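First comes the structure, then the notes that go with it.
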Amino acid sequence: MTKYDYLVVGAGLFGATFAYEAAKRGKKVKVIEKRDHIAGNIYTKEVDGIQVHQYGAHIFHTSNKEIWDYINQFAEFNRYTNSPVANYKGQMYNLPFNMNTFSEMWGVRTPAEALEKINEQRQEMAGKEPKNLEEQAISLIGRDIYEKLIKGYTEKQWGQKATELPAFIIRRLPVRLTYDNNYFNDLYQGIPIGGYTQIVEKMLNSELIDVETGVDFFDQKDDYLANYPKVVFTGMIDQFFDYQLGELQYRSLRFETEEKNVGNYQGNAVINYTDAETPYTRIIEHKHFEFGKGDKDKTIITREYPADWHRGDEPYYPVNNQQNNELYKKYAQLAAEKANNVIFGGRLGQYRYYNMDQVLHVALVAVNKEFK
Ligand code: FAD
Ligand code: UDP
């Protein structure tokens, strides 16, 4: 047996929060991480004075005061408000769907005019219960917006027809009859000044925590399970069980990052390309997350390409359709029966499309359960 009380697999937000809370209670923790850095998908790295979001745009937002106070222990947040703009075949539209979008789309000026137009467009779904993402989008906002701002983006992102995707994916997006481009409805929102990595660094900075990067749990799974009294696992739950009940589906991404010799490339942190032909879904320009901070003659942009997932690829998104959710439940059952010294947590361990605030919440739930 080792001198540690816990082995945490994965130095992402879930694993780091658990390790921090365990160490606070005097427990000794070993953290292993297969990448060559900590922080999982929230990892940011400074280049030319710009914080680069290595795994895509990360904006922290929550309505939960407890979670907001919790994360603020580890960093000071700026006042960034996410306001992506959509580029559909060269035409620019504000997001989320609000009076600016409706005005750009239809030339309407007042909420009453916009509502009249939306209601007219919703008619084709009148009396019908939306059964998939396409029907949900049309019944929410009408065909024009669906065709220009949703269909192409969604089908690229998920690699499936919108008629085959679950409706809930689109319910994340607000629809507003005000001129308000804030992508989120949450009470609190921002980006940590100086990036996200410092948050995880501070969480793991304890004499009771040892971190090793470049180590894959599956290289010595049996030894780890035999030697550690308790394991916190934040990798893929189906891989943990050697896919014995079948494979869960994931969506992957490819990021192409480029330095440009201009001070301001696109004028916004996030621009979505919502047509079907452009192979990427969005371009992010990192310096705008911190209001242009960094080299004034240079900028860094990242194109985000959606990709199918095959074993060995990075599983960025769980695909929470009914079939996968049912299979996940079977794995969770197997975990309860066969692996009761393992806590499965986070986006991959719990197979849920969690945002950062939700990951913090479920990590603190796991902590409270473990140390009650
Ligand atoms: P992860 O960050 O994935 O951490 C898991 C860690 O475990 C990884 O570092 C992985 O390498 C490691 N690991 C896995 N298997 C093994 C193994 N076998 N051995 C050792 N280590 C292993 N959330 C927001 O709130 N706002 C946003 O704007 C936002 N934007 C996003 C954009 C993109 C493109 C993506 C992909 C996600 C976004 N998220 C956003 C979600 C956010 O990234 C997650 O909620 C959060 O990072 C999940 O933390 P986690 O610890 O569960 O998982
Ligand atoms: N979406 C869209 N057009 C956009 C942005 C988003 O149709 O310009 C849809 C798409 O289906 C996407 C979902 O809304 O998967 C959720 O978008 P969000 O930006 O929340 O996704 P994430 O940041 O998690 O990739």
Side-chain angles (χ1 to χ4, degrees), residues 7-18 31-43 53-62 71 82 84-88 93 95-97 101 133 136-137 141 145-146 148-158 160 162 165-166 168-174 183-184 186 189 191 196 200 212-221 224 232-237 239-240 251-253 255 270-274 281-282 284 289 302 304 306 314-318 345-360 362-363:
L7 173 72
V8 171
V9 181
L13 192 56
F14 188 101
T17 305
F18 191 95
V31 179
I32 57 168
E33 166 56 56
K34 71 176 176 187
R35 296 182 187 171
D36 64 2
H37 61 76
I38 60 166
N41 288 339
I42 69 173
Y43 178 69
H53 294 212
Q54 192 100 341
Y55 302 98
H58 277 76
I59 299 105
F60 195 93
H61 56 99
T62 185
I71 195 81
N82 199 30
V85 174
N87 180 328
Y88 177 75
Y93 298 94
L95 293 173
F97 311 125
T101 330
L133 192 148
Q136 176 68 57
I141 202 73
I145 287 183
Y146 169 68
K148 290 185 174 164
L149 302 182
I150 298 174
K151 186 172 192 288
Y153 186 98
T154 298
E155 294 186 345
K156 285 193 287 195
Q157 170 82 344
W158 297 100
Q160 285 180 59
L165 284 165
F168 84 88
I169 293 176
I170 200 74
R171 283 191 216 120
R172 286 165 68 97
L173 300 183
Y183 200 59
F184 302 116
D186 284 318
Q189 177 173 184
I191 305 261
Y196 284 93
V200 174
E212 224 182 316
T213 54
V215 178
D216 191 328
F217 172 76
F218 292 107
D219 289 345
Q220 288 180 61
K221 177 183 169 187
Y224 288 129
V232 175
F233 183 79
T234 72
M236 294 153 60
I237 189 169
Q239 185 182 14
F240 182 93
R251 202 65 191 137
S252 196
L253 295 169
F255 298 101
V270 184
I271 302 219
N272 291 358
Y273 287 77
T274 57
T281 47
R282 47 191 171 190
I284 64 178
F289 291 120
T302 301
E304 192 173 314
E314 280 294 341
Y316 289 106
Y317 295 99
R347 242 193 195 199
L348 303 174
Q350 291 172 275
Y351 196 71
R352 284 289 291 277
Y353 189 13
Y354 286 138
N355 284 324
M356 290 178 275
D357 60 321
Q358 295 169 309
V359 167
L360 278 178
V362 291

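Small disclaimer: the values here were computed from a predicted structure and weren't measured. Whatever order the structure lists ligands and atoms in, that order sets their numbers, starting from 1. Computation of the quantities below employed the complete heavy-atom set of this structure, encompassing side-chain atoms and omitting hydrogens, waters and symmetry-equivalent molecules.
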contact_flag Val215 ligand 1 heavy-atom lt 4.0 Å
yes
What protein heavy atom sits nearest [atom], and how far off is it?
atom	result
atom 32 (C) of ligand 1	Ala57 O, 3.5 Å
atom 8 (C) of ligand 1	Glu33 OE1, 3.5 Å
atom 5 (C) of ligand 1	Thr234 OG1, 3.6 Å

Cation-pi check, Arg352 to Phe14: give yes when NZ or CZ is under 6.0 Å from the six-membered ring centre and within 45° of the ring axis, no otherwise.
no
Counting only heavy atoms closer than 4.0 Å, does ligand 1 sit against the backbone of [X], its side chain, both, or neither?
X	value
Asn82	neither
Ala16	neither
Tyr317	side chain
Val359	side chain

So Tyr196 and His53, would you call those rings parallel, tilted or perpendicular, with 30° and 60° as cut-offs?
perpendicular
Phe255 and Tyr316 aromatic centres sub-6.0 Å
yes
Does an N or O anywhere in Asp216 fall below 3.5 Å from an N or O of ligand 1?
yes
Nitrogen or oxygen of Tyr354 less than 3.5 angstrom from that of ligand 1:
yes
Is there a ring-ring contact (aromatic ring centres under 6.0 Å, His included) between Tyr224 and Phe217? Walk through the geometry before answering.
CA-CA 8 Å; Tyr224 288 129; Phe217 172 76; 5.6 Å; yes
Within a distance of under 4.0 Å, is there any protein heavy atom near atom 53 (O) of ligand 1?
no
At their closest point, which heavy atom of Gly12 faces which heavy atom of Glu33, and how far apart are they?
N-OE1, 4.3 Å
Contacts table for ligand 2: protein N or O within a distance under 3.5 Å of ligand N or O, distances only.
{"from": "ligand 2", "atom 1": "3 (N)", "to": "Leu149", "atom 2": "O", "distance (Å)": "2.9"}
{"from": "ligand 2", "atom 1": "7 (O)", "to": "Ile150", "atom 2": "O", "distance (Å)": "3.4"}
{"from": "ligand 2", "atom 1": "7 (O)", "to": "Thr154", "atom 2": "OG1", "distance (Å)": "3.0"}
{"from": "ligand 2", "atom 1": "8 (O)", "to": "Asn272", "atom 2": "ND2", "distance (Å)": "2.9"}
{"from": "ligand 2", "atom 1": "11 (O)", "to": "Thr154", "atom 2": "OG1", "distance (Å)": "2.8"}
{"from": "ligand 2", "atom 1": "15 (O)", "to": "Trp158", "atom 2": "NE1", "distance (Å)": "2.9"}
{"from": "ligand 2", "atom 1": "19 (O)", "to": "Tyr183", "atom 2": "OH", "distance (Å)": "2.7"}
{"from": "ligand 2", "atom 1": "20 (O)", "to": "Arg172", "atom 2": "NE", "distance (Å)": "3.0"}
{"from": "ligand 2", "atom 1": "20 (O)", "to": "Arg172", "atom 2": "NH2", "distance (Å)": "3.3"}
{"from": "ligand 2", "atom 1": "21 (O)", "to": "Tyr353", "atom 2": "OH", "distance (Å)": "3.3"}
{"from": "ligand 2", "atom 1": "23 (O)", "to": "Arg282", "atom 2": "NH1", "distance (Å)": "3.4"}
{"from": "ligand 2", "atom 1": "24 (O)", "to": "Arg172", "atom 2": "NH2", "distance (Å)": "3.4"}
{"from": "ligand 2", "atom 1": "24 (O)", "to": "Tyr353", "atom 2": "OH", "distance (Å)": "2.6"}
{"from": "ligand 2", "atom 1": "25 (O)", "to": "Gln157", "atom 2": "NE2", "distance (Å)": "3.4"}
{"from": "ligand 2", "atom 1": "25 (O)", "to": "Arg282", "atom 2": "NH2", "distance (Å)": "3.3"}
{"from": "ligand 2", "atom 1": "25 (O)", "to": "Tyr317", "atom 2": "OH", "distance (Å)": "2.9"}

Taking atom types as modelled, find out whether Gln157 and Arg251 have a side-chain donor-acceptor pair closer than 3.5 angstrom.
no
